[in-house]
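Note that the structure is a prediction, hence the values are computed from the model and not measured.
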Amino acid sequence: MTDTISAPARLHDPQVRGFASDNYSGVHPEILAALAAANEGHQVAYGEDVYTRRLQELMREHFGADTIAYPVFNGTGANVLSLQSLLPRWGAVICAKTAHINVDENGAPERIGGMKLLAVPTPDGKLTPELIDQEAWGWGDEHRAQPLAVSITQTTELGTLYTPAEIRAIADHVHARGMHLHMDGARIANAAAALGVPLRAFTRDAGVDVLSFGGTKNGLMFGECVVVLNPAAATGLEYLRKMNMQLASKMRFVSAQLVALLEDGLWLRSASHANAMAARLTAAVSGIDGVQLTQPTAANAVFATLAPGVADRIREHFRFYDWDQSTGEVRWMCTFDTTAEDVDAFAEAIRRETRSS
């Protein structure tokens with residue numbers, strides 16, 4: 001190819017930084033390089049390509065010999081497909097009230113997946129066997145959607161973290177009642193980095209049946225993966241993925257990103273850096289009058305309350321989200337490309353605007 005390709009116009013200021021979401025960051029340079037390498041020539045469509053084959057090998061290395069991976073476009077698709085594969089039409093899913101599937105997926109599990117969500121209030125975003133039992137009842141009652149799966153999030157929507165022992169306790173409790181366990185792992189890499197253990201230590205080895213493996217929040221352009229850890233628990237994913245419009249024709253471009261993430265430890269390097277920046281931010285704001293941390297900083301999320309009006313003034317310089325407007329609670333997220341200078345400048349803005357309140 002000899003034609004000269006002109007550089008596209010840049011429509012944004014690359015110096016603008018934010019702490020609203022780990023979806024705000026760009027694509028990791030190693031992921032972009034992997035996409036460029038995968039772009040040459042032709043490969044068989046719909047997953048019969050060498051990148052998807054290599055992804056299967058890597059998933060088995062990380063999670064166990066009979067692991068099966070199904071690349072998909074996004075996290076909502078991964079969660080809906082995972083849960084559909086675990087449930088009959090009459091099945092229900094127990095989850096935390098703050099769970100992404102309950103709060104942030106616009107009813108997709110119920111409207112698209114056709115399942116009932118049984119949401120349980122929790123103080124820290126984490127389920128326990130005791131909390132699960134609030135909704136784990138009514139089997140055989142034709143008037144009640146049957147609770148046949150439990151979904152937990154690692155790390156949780158409140159930035160908290162399950163230990164492997166906590167997940168094992170949930171899995172044993174769930175399995176003893178004839179239910180299956182799903183994990184929403186949108187930030188699974190951050191959890192592994194924080195725990196200092198392999199990915200399988202708190203997934204397969206802890207009794208998780210199906211995992212939604214996150215990539216977009218850890219440097220991918222797009223793409224997540226349904227990872228079946230217990231093939232006896234999940235059925236029909238080959239058909240469900242297509243029915244739910246999550247089957248990529250050019251699947252190599254999803255798989256190549258996940259391969260680049262998993263092959264040489266990029267997943268762990270990026271997540272460890274994001275966690276470290278959140279720890280730096282926590283330390284920087286801990287001594288500021290008017291800032292009250294509301295959850296322990298376990299990974300790459302920081303939750304705090306601010307006095308009325310302070311958040312809006314800070315947002316004139318750095319974007320972030322309100323978490324609970326009624327209490328003044330906000331959420332600050334760090335990602336793979338958050339720098340120490342970003343954190344220090346943000347902390348100084350918080351300090352300045354808090355003083356002037």
Side-chain angles (χ1 to χ4, degrees), residues 22 28 30-31 34 38 47 49-72 74-75 77-79 81-82 85-86 151-155 161-168 170-171 180-234 237 241 251-275 299-300 336:
D22 32 14
H28 194 286
E30 292 182 40
I31 300 298
D49 59 272
V50 295
Y51 297 95
T52 303
R53 192 178 311 134
R54 176 58 180 151
L55 176 61
Q56 300 294 338
E57 294 171 353
L58 287 166
M59 286 296 185
R60 289 193 291 269
E61 289 175 14
H62 280 284
F63 294 103
D66 54 352
T67 298
I68 309 170
Y70 295 87
V72 295
N74 54 46
N79 286 335
L81 285 172
S82 295
S85 76
L86 296 175
S151 182
I152 61 175
T153 311
Q154 179 78 318
T155 58
L161 190 65
Y162 288 96
T163 66
E166 288 172 329
I167 295 172
R168 170 48 71 185
I170 290 172
H180 296 304
L181 181 59
H182 164 255
M183 177 180 286
D184 179 348
R187 297 184 177 95
I188 189 173
N190 301 94
L195 290 167
V197 299
L199 289 165
R200 67 175 292 162
F202 58 93
T203 54
R204 186 191 188 97
D205 292 351
V208 175
D209 295 302
V210 177
L211 165 70
S212 299
F213 183 91
T216 309
K217 290 179 170 63
N218 200 24
L220 268 62
M221 181 182 292
F222 65 94
E224 318 284 305
C225 197
V226 175
V227 184
V228 177
L229 306 174
N230 177 11
L237 272 162
R241 181 169 56 173
M251 196 181 296
R252 61 168 150 161
F253 296 109
V254 183
S255 298
Q257 295 179 79
L258 290 163
V259 167
L261 193 70
L262 289 168
E263 199 155 37
D264 296 314
L266 177 61
W267 66 275
L268 185 57
R269 295 195 304 275
S270 293
S272 297
H273 175 80
N275 291 0
N300 65 322
F336 77 89

Are Arg269 and Glu30 side-chain neighbours, meaning at least one heavy-atom pair lies under 4.5 Å? yes
Can you label the angle between the His62 ring and the Trp267 ring as parallel, tilted or perpendicular, going by 30° and 60°? perpendicular
Where do Thr67 and Gln56 come nearest, in terms of heavy atoms and distance? O-OE1, 4.4 Å
According to the side chain to side chain donor-acceptor pair (under 3.5 Å) rule, which pairs have a member within residues 205-214, sequence neighbours left out? Asn79-Ser212, Ser82-Ser212, His175-Asp209, His182-Ser212, Arg200-Asp205, Asp209-Asn230
Tell me whether Glu263 contacts the main-chain N or O of Leu58 through its side chain, where contact means a donor paired with an acceptor under 3.5 Å. no
Would you mind checking if Glu224 and Arg241 are paired as a salt bridge, meaning a charged N to carboxylate O distance below 4.0 Å? no
Under the ring pair (Phe, Tyr, Trp, His ring centres under 6.0 Å) test, residues paired with His273 that sit two or more places apart: none
State which residues pass side chain to side chain donor-acceptor pair (under 3.5 Å) with Ser272; sequence neighbours excluded, sorted by chain then number. none
Basic-acidic side-chain contact under 4.0 Å: Glu57, Arg54: yes
Can you tell if the side chain of Val50 reaches within under 4.5 Å of the side chain of Arg252, non-hydrogen atoms only? no
With a 4.5 Å heavy-atom cut-off, do Ile152 and Leu181 have their side chains touching? yes
Within a strict 4.5 Å, meaning less than it, do heavy atoms of the Val210 and His180 side chains meet? no
Side-chain contact, heavy-atom cut-off 4.5 Å: Asn218 with Asp22? no
Does a side-chain heavy-atom distance below 4.5 Å link Gln154 with Ile167? yes
With Arg187, the side-chain contact (heavy atoms from CB on, under 4.5 Å) member among Thr153, Asn275, Asn300, Leu161: Asn300
Can you tell if the side chain of Gln257 reaches within under 4.5 Å of the side chain of Phe222, non-hydrogen atoms only? yes
